[in-house]
Undergrad: 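Before we start, here is the structure in question, set down as structure tokens.
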Amino acid sequence: MMRRLRATTVLCLLLASPAASRTVDESVTLEPGEPVRIDIAFGELKIVGTDQARLRAHGEIDEGLSGLRLARDGGALEVRTKLPFRSWLRRLRHDEPRAAVQLTIELPRHTPLFVVTREGLVDVQELSGRLGVVTVAADVKIRGALESVAVESVSGDIELRGGAERWSAHSLSGDVRLWGDGGGLALETVDGAIEVRGANLKGRLRTVSGTVLFEGDVANDGLLEIDTEAGPIEVRADTRAQRIDLLTDRGRVVDRRPDVEAPLPDQRSLLAGDGGGTLRVRTFSASIIVQGPASEGPPSQR
């Protein structure tokens with residue numbers, strides 16, 4: 001009996017110990033404008049733009065992996081982990097082992113980049129080209145001035161900071177937050193929250209039951225639409241500098257602007273500013289709160 005207890009104790013200690021890892025450092029020269037695809041299932045990926053004409057991947061990988069693969073495939077340089085033969089057979093049976101990585105990947109700033117991952121973290125900095133990220137449950141953080149950004153997620157949170165000609169982010173249950181200056185928006189969730197703070201924006205924010213916070217202003221002659229089914233909406237904006245059109249079917253319009261002599265009507269309000277763009281806000285059953293902008297300074301700088 002004691003022998004069995006000792007064996008059980010040893011097994012529990014082994015299971016509780018952290019997975020062993022080993023160091024990797026691989027690099028390859030990139031041609032100008034050559035696209036890169038990163039396909040790593042689990043772990044933390046820090047992706048940094050540099051002035052070097054090469055891709056370098058370095059950090060720690062699970063000892064269950066046999067290394068990194070940097071190879072050209074289908075017109076792009078692909079970065080992925082290499083599995084031992086036995087684990088490769090498990091992948092064919094859709095039973096891939098959970099082998100995590102912690103990698104920093106450096107590549108030229110203007111590289112077109114596409115990232116695929118399941119769980120963990122994707123942290124992108126200092127890139128200036130086109131960027132696409134597809135994930136199941138990983139959190140995504142993107143900072144920089146890029147041409148375009150497109151992120152698809154099931155449950156991970158998405159955080160975007162900087163500027164882009166177009167921001168596109170879709171998540172079923174994760175939150176989407178953007179701090180930006182300029183660009184077209186296409187942000188969508190089912191029950192996650194959407195938070196946007198910025199200037200010179202246009203496009204669309206849409207959620208079914210998540211909350212929406214918008215603080216900032218719309219681009220001149222532009223249109224920004226906010227649309228929910230049951231998610232409450234809060235607008236913090238200079239109502240004198242842009243046209244704001246508010247409508248709720250079964251909710252209420254709540255006017256919290258300071259020093260307003262005539263509060264807004266309960267369900268439909270139209271504020272015609274002196275210039276700027278148009279902010280159109282629609283919700284079926286939730287309330288819309290409108291108030292003046294915060295006093296801490298331009299949203300894009302906070």
Undergrad: Inspect the contact between Lys141 and Glu159 and indicate whether a charged nitrogen and a carboxylate oxygen are less than 4.0 angstrom apart.
TA: no
Undergrad: For Arg56, does the CZ atom have more than 12 heavy-atom neighbours from other residues, nucleotides or ligands under 6.0 Å away?
TA: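 Result for CZ/Arg56: enclosed.
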Undergrad: Take Ser171 and Thr189 through the side-chain hydrogen bond (donor to acceptor under 3.5 Å, both in side chains) test and state the conclusion after the steps.
TA: CA-CA 5 Å; Ser171 181; Thr189 75; over 6 Å; no
Undergrad: Between Gly43 and Ala100, which heavy-atom pair has the shortest distance, and what is it?
TA: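 So the two residues come closest at CA-CB, 4.3 Å.
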Undergrad: Would you please test Arg197 and Phe214 for side-chain contact (heavy atoms from CB on, under 4.5 Å) and show each step?
TA: CA-CA 6 Å; Arg197 302 173 187 265; Phe214 174 76; over 6 Å; no
Undergrad: Are Leu223 and Val196 grouped together when hydrophobic residues (ILVMFWY) are joined by side-chain heavy atoms under 4.5 angstrom apart?
TA: no
Undergrad: Given Val218 and Leu201, is the side-chain contact (heavy atoms from CB on, under 4.5 Å) satisfied, shown in steps?
TA: CA-CA 5 Å; Val218 182; Leu201 302 173; over 6 Å; no
Undergrad: State yes or no: do Leu107 and Leu121 share one hydrophobic cluster built from I, L, V, M, F, W and Y residues joined by side-chain heavy-atom distances below 4.5 Å, directly or via other members?
TA: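 Cluster IDs for Leu107 and Leu121 differ.
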Undergrad: Tell me the closest heavy-atom pair linking Ile194 and Arg206, and the distance in Å.
TA: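 In terms of heavy atoms, the two residues are closest at CD1-O, 3.4 Å.
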Undergrad: Please check if the number of heavy atoms outside Glu165 that lie under 6.0 Å from its CD is greater than 12.
TA: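 Open: at most 12 neighbouring heavy atoms sit under 6.0 Å from CD of Glu165.
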Undergrad: Return the minimal non-hydrogen interatomic distance between Lys82 and Arg69, and the atom names on each side.
TA: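 The pair with the smallest heavy-atom distance is CG-CB, 3.6 Å.
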Undergrad: Compare every heavy atom of Pro108 with every heavy atom of Leu127, then report the nearest pair and how far apart it is.
TA: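 So the minimum-distance heavy-atom pair works out to CD2-O, 4.0 Å.
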Undergrad: Determine, stepwise, if the pair Asp62 / Ser21 fulfils side-chain contact (heavy atoms from CB on, under 4.5 Å).
TA: CA-CA 4 Å; Asp62 189 281; Ser21 61; 5.7 Å; no
Undergrad: Using the rule that Ile, Leu, Val, Met, Phe, Trp and Tyr join whenever any side-chain heavy atoms are under 4.5 Å apart, tell me whether Ile158 and Val134 fall into a single cluster.
TA: no
Undergrad: Between Phe114 and Val36, does the side-chain contact (heavy atoms from CB on, under 4.5 Å) criterion hold? Intermediate values first, please.
TA: CA-CA 6 Å; Phe114 184 61; Val36 170; over 6 Å; no
Undergrad: For residues Val48 and Leu113: do they belong to one hydrophobic cluster (side chain heavy atoms under 4.5 Å, members Ile, Leu, Val, Met, Phe, Trp, Tyr)?
TA: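 Result: no, two separate clusters.
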Undergrad: Can you check whether Asn200's main-chain N or O pairs, donor with acceptor, with Asp217's side chain at less than 3.5 Å?
TA: yes
Undergrad: Taking CG in Asp25 as the centre, count heavy atoms belonging to other residues, nucleotides or ligands within less than 6.0 Å. Is the count above 12?
TA: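 Yes, the 6.0 Å shell around CG holds more than 12 heavy atoms from other groups.
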Undergrad: Would you say the side-chain atoms of Thr23 pair up with the backbone N or O of Glu60, donor to acceptor, closer than 3.5 Å?
TA: no
Undergrad: Strictly distance-based, threshold 3.5 Å: is any side-chain N or O of Arg22 a donor or acceptor partner for the main-chain N or O of Leu65?
TA: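 Yes, the answer is positive, given that a donor and an acceptor are paired below the 3.5 Å cut-off.
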Undergrad: So does Glu126 pair up with Arg109, basic N to acidic O under 4.0 Å?
TA: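 Yes.
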Undergrad: So, for Ala138 and Glu119, which heavy atoms are closest and what is the spacing to 0.1 Å?
TA: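 Taking every non-hydrogen atom into account, CB-C, 3.8 Å.
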Undergrad: To the nearest 0.5 Å, what is the distance between OG1 (Thr117) and CD (Glu44)?
TA: 10.5 Å
Undergrad: Of Ile105, Val116, Val133, which is the lone residue that meets side-chain contact (heavy atoms from CB on, under 4.5 Å) with Ile38?
TA: Ile105
Undergrad: Between Ser287 and Gly251 (side chain of the first, backbone of the second, donor and acceptor by atom type, cut-off under 3.5 Å), is there such a pair?
TA: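 Looks like no, no N/O pair under 3.5 Å.
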Undergrad: Do Leu30 and Val79 belong together in a cluster built from hydrophobic side chains that touch within less than 4.5 Å?
TA: yes
Undergrad: Between the side chains of Arg72 and Glu34, is the shortest nitrogen-to-carboxylate-oxygen separation below 4.0 Å, so that they form an ion pair?
TA: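 So Glu34 pairs with Arg72 through a salt bridge.
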Undergrad: To the nearest 0.5 angstrom, please state how far the CD1 atom of Ile47 sits from the OG1 atom of Thr104.
TA: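 It comes to 10.0 Å.
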Undergrad: Considering non-hydrogen atoms only, spot the tightest contact between Asp157 and Asp175 and give its length.
TA: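 Closest heavy-atom pair between Asp157 and Asp175: OD1-N, 2.9 Å.
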Undergrad: With side chain to side chain donor-acceptor pair (under 3.5 Å) as the rule and sequence neighbours excluded, what pairs involving residues 275-286 come up?
TA: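 Side chain to side chain donor-acceptor pair (under 3.5 Å) check on residues 275-286 returns Thr228-Thr283, Asp245-Arg282.
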